[in-house]
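For reference, the structure is listed below as structure tokens.
Here, residue 1 is the first one in the sequence, and each next residue gets the next number.
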Amino acid sequence: MHKDVESVLLSEKQLEKIVNLLAKKIEKDYNGKEFIMVGLLKGSVAFMADLMKKINLDFSIDFMVASSYGSGTESSGKVKVVSDLTQPVEGKDVLIVEDIVDSGNTLNFICNYLMTKGAKDVRVVTLCDKPARRKVPFKPDYVGTEIPDEFIVGYGLDYDEKYRNLPYIGILKRSVYE
Ligand code: PRP
């Protein structure tokens, strides 16, 4: 275990199980549909890489980068698109892949953004959900697991751009960020 990690919240084995379950559900729901899988960078990178390999359907992938305005640790709620899709979404089914839903601001904004761009349907799969932190009402369509209000890192999730490469999700030691 990394020295900055207090404890493991989701082991590699547990993550694999969660990913397999989500992939099965998505495969069933999207069978016969033409869809784009959209990863929100950078947090979704490990999850999306594993998830897409388990979905035995034809689909394209793309990526977006979104960021919150303002300074400080609390997000201001105003989101902007830093890097957009490389293909049009008009009339398409879109499945957004996210590592975590926290306040809900990012996904709330991105879903509306893609709908106004003419997407036929926008759904969200998130590996982790922290419903206790919601600031705007937002319900992901597929949730890997609900997690407590702890600072988690690994499997794509960072603190100060570190720890994304850990193969598990761990709770960060408070001494690292306090
Ligand atoms: C994280 C995460 C979500 C967002 C969730 O991204 O990947 O996109 O925050 O928070 P919210 O529900 O409060 O909007 P972050 O901005 O840290 O960028 P990253 O994906 O590059 O880590």
* To do: Would you please indicate yes or no on a ring centroid separation below 6.0 angstrom for Tyr168 and Tyr155?
  => no
* To do: Check whether the ring centres of Phe59 and Tyr30 lie less than 6.0 Å apart, and answer yes or no.
  => no
Check whether the side chains of [X] and [Y] place a donor and an acceptor atom closer than 3.5 Å, and report yes or no.
X: Asn56; Y: Glu27; result: no
X: Asp99; Y: Ser44; result: no
X: Asp29; Y: Tyr142; result: yes

* Please test Val81 against Met64 for side-chain contact (heavy atoms from CB on, under 4.5 Å), starting from the C-alpha separation and ending with a verdict. => CA-CA 7 Å; Val81 174; Met64 288 179 86; 4.0 Å; yes
Nearest atoms (heavy-atom pairs only) where [X] meets [Y]:
X: Leu22; Y: Gly144; result: CD1-CA, 3.8 Å
X: Gln87; Y: Ser60; result: OE1-OG, 3.6 Å
X: Leu172; Y: Asp4; result: CD1-O, 3.4 Å

Do [X] and [Y] sit in one hydrophobic cluster, given that two such residues count as connected whenever their side-chain heavy atoms are within less than 4.5 Å of each other, even indirectly?
X: Met1; Y: Tyr159; result: yes
X: Leu51; Y: Ile147; result: yes
X: Ile18; Y: Ile100; result: yes
X: Leu41; Y: Met52; result: yes
X: Leu85; Y: Val125; result: no

Does [X] reach the side chain of [Y], with side-chain heavy atoms less than 4.5 Å apart?
X: Cys128; Y: Ile169; answer: yes
X: Glu34; Y: Lys92; answer: yes
X: Lys120; Y: Phe35; answer: no
X: Asn20; Y: Lys54; answer: yes
X: Lys117; Y: Asp84; answer: yes
X: Tyr163; Y: Asp158; answer: no
X: Pro167; Y: Glu12; answer: yes
X: Phe63; Y: Met48; answer: yes

* Residue among Val122, Ile110, Val97, Val94 satisfying side chain to side chain contact (heavy atoms under 4.5 Å, CB included) with Val38 -> Val94
* Asked: Under the criterion side chain to side chain contact (heavy atoms under 4.5 Å, CB included), which of Leu10, Val5, Leu9 is the partner of Ile152?
  -> Leu9
* Asked: Given the rule in the salt bridge (Lys or Arg N to Asp or Glu O under 4.0 Å) test, do Arg134 and Asp129 qualify, once you have shown the distances and angles that lead to the verdict?
  -> CA-CA 10 Å; Arg134 223 46 120 248; Asp129 192 10; 2.8 Å; yes
Atom [atom1] of [X] and atom [atom2] of [Y]: how far apart are they, to the nearest 0.5 Å?
X: Ser68; Y: Lys80; atom1: OG; atom2: NZ; answer: 10.0 Å
X: Glu90; Y: Leu114; atom1: CD; atom2: CG; answer: 10.5 Å
X: Lys33; Y: Ile26; atom1: NZ; atom2: CD1; answer: 11.5 Å
X: Thr116; Y: Tyr113; atom1: OG1; atom2: OH; answer: 7.5 Å
X: Leu127; Y: Leu15; atom1: CG; atom2: CG; answer: 6.0 Å
X: Ser67; Y: Lys78; atom1: OG; atom2: NZ; answer: 13.0 Å

Tell me if a side-chain donor or acceptor on [X] pairs with a main-chain N or O of [Y] at a distance below 3.5 Å.
X: Asn108; Y: Gly104; answer: no
X: Asp121; Y: Asp93; answer: no
X: Glu178; Y: Ser175; answer: no

* **side-chain contact (heavy atoms from CB on, under 4.5 Å) between Lys130 and Val101, worked out** => CA-CA 6 Å; Lys130 261 190 195 175; Val101 181; over 6 Å; no
* salt bridge (Lys or Arg N to Asp or Glu O under 4.0 Å) between Glu6 and Arg174, worked out -> CA-CA 8 Å; Glu6 185 72 53; Arg174 295 190 93 87; over 6 Å; no
* Ile36 and Leu95: CA distance, side-chain angles, deciding distance, side-chain contact (heavy atoms from CB on, under 4.5 Å) verdict -> CA-CA 6 Å; Ile36 312 175; Leu95 177 63; over 6 Å; no
* Stepwise side-chain contact (heavy atoms from CB on, under 4.5 Å) test for Asp149 and Arg133 -> CA-CA 7 Å; Asp149 191 9; Arg133 297 256 308 171; 3.1 Å; yes
